Chemist: 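Below is a structure I'd like to ask you about.
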Amino acid sequence: MTALRAVSRRPRIVAGNWKMNRTATEGGALARELAALSAADPAMPAAPVVVLCPSFPLLEAVGRALAGSGMRLGAQNLHAETHGAFTGEVSGAMLAAAGCAWVIVGHSERRQLMGETDAQVAAKLRAAQRDGLVPIVCVGETLAEYQANRTEEVLVRQVTTVWHGLSLEGARGTVVAYEPVWAIGTGKVATPEQARDAHRVIRATLDRVVGGEAGGALVILYGGSVNAGNAASLFAESDVDGALVGGASLEAASFWKIVAAAAAAG
Ligand code: PEP
């Protein structure tokens with residue numbers, strides 16, 4: 001007889017990508033507001049995992065404000081090399097020393113504006129893991145690709161290139177963020193069904209590329225114009241494990257409503 005076993009859900013994660021916004025003083029104040037909301041919330045710190053990703057010069061102030069809150073500190077980018085003549089770049093070890101445990105990798109703004117390739121994103125994922133950081137790896141189709149019905153093809157290419165060669169254990173240490181580029185900062189959110197379908201493509205591709213049922217094991221966040229009004233319907237899809245939030249993460253009350261929606265989704 002098959003033994004019944006309690007199946008636990010993948011962790012829920014809500015990450016805030018502050019992009020190039022706020023000074024250290026302003027970021028510290030925002031983080032303190034969030035820490036106060038967290039302390040007053042009976043659902044915290046158990047669920048969900050909350051990660052704040054400010055710009056590099058804010059890391060120290062935000063890290064100080066988050067101390068003891070249960071919220072985690074992340075960065076928005078890293079360089080794949082450990083050190084050297086890479087003016088303006090930051091290594092994973094530097095981020096870890098600054099208190100980060102997480103880092104966003106391959107955000108579409110970096111892919112589009114800085115020309116980051118899938119191969120570079122793959123190298124950054126590995127560099128993050130080498131330096132003890134959890135990479136939140138962004139994938140997603142552009143508007144032109146979406147309009148040309150190429151979403152699946154693009155996701156398969158990105159996931160295959162970036163996760164190829166990782167062990168199941170290595171892959172488990174990564175988080176995926178599905179961010180359709182046409183939804184980022186535009187106010188045009190994907191429908192829950194569109195997010196679900198894309199997440200299923202990513203899971204199926206991870207199963208093929210990594211094996212060992214990686215697709216079911218990895219946390220996949222949705223990102224793109226998530227706000228307090230639409231978060232609950234996205235989290236109602238069982239394949240959507242949380243959110244990567246840009247604009248709505250810059251205001252404590254709106255961000256916390258998204259965190260609360262993730263907590264309520266169970
Ligand atoms: C992002 O920057 O990752 C993002 C999803 O932005 P926004 O929520 O503003 O669309």
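One-based numbering, in listed order, for ligands and for the atoms of each. Since we're looking at a predicted model, the values are computed, not measured.
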Chemist: Would you mind running through ligand 1 and noting each atom that sits below 4.0 Å from a heavy atom of G185?
Modeler: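 What qualifies from ligand 1 is 7 (P), 9 (O), 10 (O).
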Chemist: Below 4.0 angstrom from a heavy atom of G224, which ligand 1 atoms are there? Numbered from 1 as shown, please.
Modeler: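 With G224 as reference, the close atoms of ligand 1 come out as 5 (C), 10 (O).
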Chemist: Is the closest basic N to carboxylate O distance between D241 and R10 below 4.0 Å?
Modeler: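 Salt bridge: yes.
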Chemist: Would you check the N or O atoms of G247, main chain and side chain alike, for any that come under 3.5 Å of an N or O of ligand 1?
Modeler: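 N/O-N/O distance below 3.5 Å exists for this pair.
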Chemist: So if I count the atoms of ligand 1 from 1 in the order they appear, which ones are less than 4.0 Å from some heavy atom of N17?
Modeler: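 This gives 1 (C), 2 (O), 3 (O) as the contact atoms.
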Chemist: For the pair R110 and E116, find out whether any cationic side-chain nitrogen is under 4.0 Å from an anionic carboxylate oxygen.
Modeler: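 E116 and R110: salt-bridged.
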Chemist: Please answer whether the main-chain N or O of N77 pairs with a side-chain N or O of K124 as donor and acceptor at a distance below 3.5 Å.
Modeler: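 No, because the side chain of K124 does not come within donor-acceptor range (under 3.5 Å) of the backbone of N77.
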Chemist: Between E153 and R150, does any side-chain N to carboxylate O distance fall below 4.0 Å?
Modeler: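 Judged by the 4.0 Å cut-off on N to carboxylate O distance, E153 and R150 do form a salt bridge.
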Chemist: Geometry only, no angles: is E179 polar-contacting ligand 1 at N/O separations under 3.5 Å?
Modeler: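 Between E179 and ligand 1 (N or O atoms, distance only) the closest approach is under 3.5 Å.
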Chemist: Provide the full list of salt bridge (Lys or Arg N to Asp or Glu O under 4.0 Å) pairs with a residue in residues 49-71, sequence neighbours left out, each pair given once.
Modeler: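 Applying salt bridge (Lys or Arg N to Asp or Glu O under 4.0 Å) to every pair that reaches into residues 49-71, excluding sequence neighbours, yields E60-R64.
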Chemist: Does ligand 1 have an atom that lies less than 4.0 angstrom from a heavy atom of S249?
Modeler: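 So S249 does not count as touching ligand 1.
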Chemist: Give the atoms of ligand 1, by number and element, whose distance to some non-hydrogen atom of L244 is under 4.0 Å.
Modeler: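 Under 4.0 Å from L244, ligand 1 has these atoms: 3 (O), 5 (C).
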Chemist: Not counting sequence neighbours, which residues clear salt bridge (Lys or Arg N to Asp or Glu O under 4.0 Å) with R200? List them please.
Modeler: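 Per chain and number, R200 pairs via salt bridge (Lys or Arg N to Asp or Glu O under 4.0 Å) with D239.
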Chemist: Quick one: nearest non-hydrogen protein atom to atom 8 (O) of ligand 1, plus distance?
Modeler: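 Here the closest protein heavy atom is G246 N, 2.8 Å.
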Chemist: As an exercise, identify every atom of ligand 1 less than 4.0 angstrom from a heavy atom of A183.
Modeler: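 Near A183, the atoms of ligand 1 are 10 (O).
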Chemist: Please check this pair: side chain of E145 against backbone of T151, looking for a donor-acceptor N/O pair closer than 3.5 Å.
Modeler: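 Here the side-chain-to-backbone pair does not exist.
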Chemist: What protein heavy atom sits nearest atom 1 (C) of ligand 1, and how far away is it?
Modeler: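 Scanning the protein heavy atoms, the shortest distance from atom 1 (C) of ligand 1 goes to H107 NE2, 3.2 Å.
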